[in-house]
**Q** 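The structure under discussion is supplied below as structure tokens; questions concerning it will follow.
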There are 2 protein chains.
Amino acid sequence: MANLQISSRFTMAIHIFACIDTFEKDHKITSEFLAESGNVNPVIIRRLLGQLKAAGLIEVKRGSGGASIAKPLENITFLDVYRAVDCVENGELFHFHENPNRKCPVGRNIHRVLDEKLRRVQEAMEREMEQITLADVIRDTRECIQSDPAN
Amino acid sequence: MANLQISSRFTMAIHIFACIDTFEKDHKITSEFLAESGNVNPVIIRRLLGQLKAAGLIEVKRGSGGASIAKPLENITFLDVYRAVDCVENGELFHFHENPNRKCPVGRNIHRVLDEKLRRVQEAMEREMEQITLADVIRDTRECIQSDPAN
DNA sequence: CAGAATTGTAACCGTTGACATTACATTATG
DNA sequence: CATAATGTAATGTCAACGGTTACAATTCTG
């Protein structure tokens with residue numbers, strides 16, 4: 001009876017940015033390279049890069065290969081990434097049961113009653129996502145790596 | 001490339017409460033009756049009622065039949081209902097990619113970096129859900145029904 | 001107390017989306 | 001041109017959802 005979550009595409013996308021920032025000095029950032037760090041198939045990475053590119057967050061070179069970050073890190077928020085990778089249907093976090101009975105006064109009005117409330121919840125979440133940027137992620141990643149005894 | 005949302009179990013559960021409040025004076029509230037208003041199969045309703053009962057939000061009479069609301073409406077929040085119907089795996093809104101490469105400094109640390117930030121986002125959403133109660137829903141439902149020309 | 005109504009659940013189905021994988025056309029570069 | 005990469009289509013597996021049938025367990029009523 002357990003259920004669904006926001007796709008791992010989102011966390012994987014953040015992972016990609018962290019990798020690019022960490023390694024772009026020393027490696028060419030190919031889908032192969034990113035796939036190894038994330039432990040997923042390169043095609044998964046390419047599809048994600050495609051979405052991030054379409055959103056203007058990443059640049060990818062065909063042929064020669066290599067991905068890079070298209071904007072200053074502090075100008076990319078979690079919300080930007082979340083929207084880019086298209087985690088929820090139509091941008092709607094909540095799924096409505098489709099066909100309430102229109103002959104029932106409640107069935108006929110439930111949508112109107114709930115929509116505004118569900119929007120409030122979704123907006124609260126999105127507002128928080130706007131407060132967190134990739135600069136925060138990179139700062140903490142560097143810190144973690146530096147204090148990591150395995151290095 | 002479109003994706004998933006929080007289960008319609010959540011909105012259907014709210015619908016159930018609205019129905020009970022609206023009709024309990026005039027009808028016995030059976031799973032059959034609720035199924036008709038929501039336009040779903042009675043078994044779907046029974047499963048939901050089971051979850052809401054387990055959470056102490058609803059009382060259901062076996063045999064004789066009939067569901068009723070177990071607590072004052074203003075003491076039941078969206079978060080209570082959301083948790084009751086178990087919409088996300090382990091209560092975690094975000095799904096992590098499972099096996100980042102532990103040989104990679106980023107793969108090894110990404111979880112530590114993101115967990116706290118994802119929790120912030122989830123908490124923002126849950127805080128908002130705590131602010132909305134079934135009393136709000138019922139108030140607006142009554143209002144909608146009264147101003148509904150179809151009545 | 002027998003019959004009717006209802007709940008609780010198990011079992012199974014079809015559909016959908018996620019993630020995985022293979023394959024290959026396309027593109028850039030030395 | 002040969003090489004290395006990206007972009008993408010096609011296909012497969014798996015899990016969860018919502019749907020449905022079936023039926024035992026429970027309660028009430030005549």
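Numbered from 1 within each chain, the chains take letters A, B, ... in sequence-line order. Both backbone and side-chain heavy atoms feed into the values below; hydrogens, waters and symmetry mates do not.
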**Q** Can you tell me the distance, in whole Å, between the CD atom of B:Glu59 and the C1' atom of C:dT7?
**A**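 These atoms are roughly 15 Å apart.
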**Q** Can you measure from CE (A:Met12) to CG (A:Asn39) and round to the nearest 0.5 angstrom?
**A**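 The CG atom of A:Asn39 is 8.0 Å from CE of A:Met12, to the nearest 0.5 Å.
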**Q** Which listed nucleotide (C:dC19, D:dT8, C:dA10) is nearest to the side chain of A:Ser8?
**A**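 When the side chain of A:Ser8 is considered, C:dC19 is the closest of C:dC19, D:dT8, C:dA10.
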**Q** Verify the contact: side-chain N or O of B:Thr30 to OP1 or OP2 of C:dA5, cut-off strictly under 4.0 Å; return yes or no.
**A**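 No, because none of the side-chain N or O atoms of B:Thr30 sits under 4.0 Å from OP1 or OP2 of C:dA5.
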**Q** Hey, can you tell me if B:Phe10 and B:Tyr82 have their rings parallel, tilted or perpendicular (30° and 60° cut-offs)?
**A**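 Perpendicular, since the angle between the ring planes exceeds 60°.
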**Q** Can you find a side chain N or O atom of B:Lys61 that sits less than 4.0 Å from OP1 or OP2 on C:dT6?
**A**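 No, B:Lys61 has no side-chain N/O under 4.0 Å of OP1/OP2 on C:dT6.
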**Q** Which is true for A:Gly63 with a 4.0 Å heavy-atom rule: it touches a base, it touches only sugar-phosphate, or it touches nothing?
**A**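 Base contact.
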**Q** Which nucleotide in the set C:dT21, D:dG19, D:dG7 lies at the smallest distance from any side-chain heavy atom of A:Lys53?
**A**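 For the A:Lys53 side chain, the nearest candidate turns out to be D:dG7.
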**Q** Could you tell me how far apart A:Ile45 (CD1) and D:dT6 (P) are, to the nearest whole angstrom?
**A**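 From A:Ile45 CD1 to D:dT6 P: 10 Å.
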**Q** Base, sugar-phosphate alone, or nothing: which one does B:Val60 contact when heavy atoms must sit under 4.0 Å apart?
**A**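 Here B:Val60 touches the backbone only, sparing every base.
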**Q** Starting at CG of B:Leu48 and ending at C1' of C:dT7, how long is that distance when rounded to a whole Å?
**A**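 From B:Leu48 CG to C:dT7 C1': 14 Å.
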**Q** First locate atom CD1 of B:Ile110, then atom SG of A:Cys19, and finally report the distance between them rounded to the nearest 0.5 Å.
**A**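 Output value for this atom pair is 7.5 Å.
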**Q** Measure CZ/B:Phe33 against P/C:dA5 and give the value in whole Å, please.
**A**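 About 18 Å, once rounded to whole Å.
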**Q** D:dT8, OP1 or OP2 - any side-chain N/O from A:Arg46 closer than 4.0 Å?
**A**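 A:Arg46 to D:dT8 OP1/OP2: no side-chain N or O under 4.0 Å.
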**Q** Could you state the CD1-P distance from B:Ile44 to C:dT7, rounded to the nearest angstrom?
**A**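 Between P of C:dT7 and CD1 of B:Ile44: 15 Å.
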**Q** Do A:Ser8 and B:His95 meet the criterion of a side-chain donor-acceptor pair at a distance under 3.5 Å?
**A**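 There is no such pair between these side chains.
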**Q** Can you say whether a donor on the side chain of A:Arg62 sits under 3.5 Å from an acceptor on the base of C:dT27, or the other way round?
**A**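 No.
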**Q** Is the number of heavy atoms from other residues, nucleotides or ligands within 6.0 Å of CZ (B:Arg102) greater than 12?
**A**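 No, because the 6.0 Å sphere around CZ of B:Arg102 holds 12 heavy atoms or fewer from other groups.
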**Q** In whole Å, what is the span from the CZ atom of A:Arg47 to the P atom of D:dG7?
**A**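 Spelled out: CZ on A:Arg47 to P on D:dG7 is 13 Å.
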**Q** Take B:Ser64 and A:Pro42, find for each the nucleotide of DNA chain C with the closest heavy atom, and name the residue whose nucleotide sits nearer the 5' end.
**A**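 Going by which nucleotide is closer to the 5' end, it is B:Ser64.
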**Q** For A:His97 and D:dG18, give me the distance from atom NE2 to atom C1', rounded to whole Å.
**A**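 After rounding, the reported distance stands at 13 Å.
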**Q** Send over the distance from B:Lys28 NZ to D:dT29 P, rounded to a whole Å.
**A**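 That distance rounds to 9 Å.
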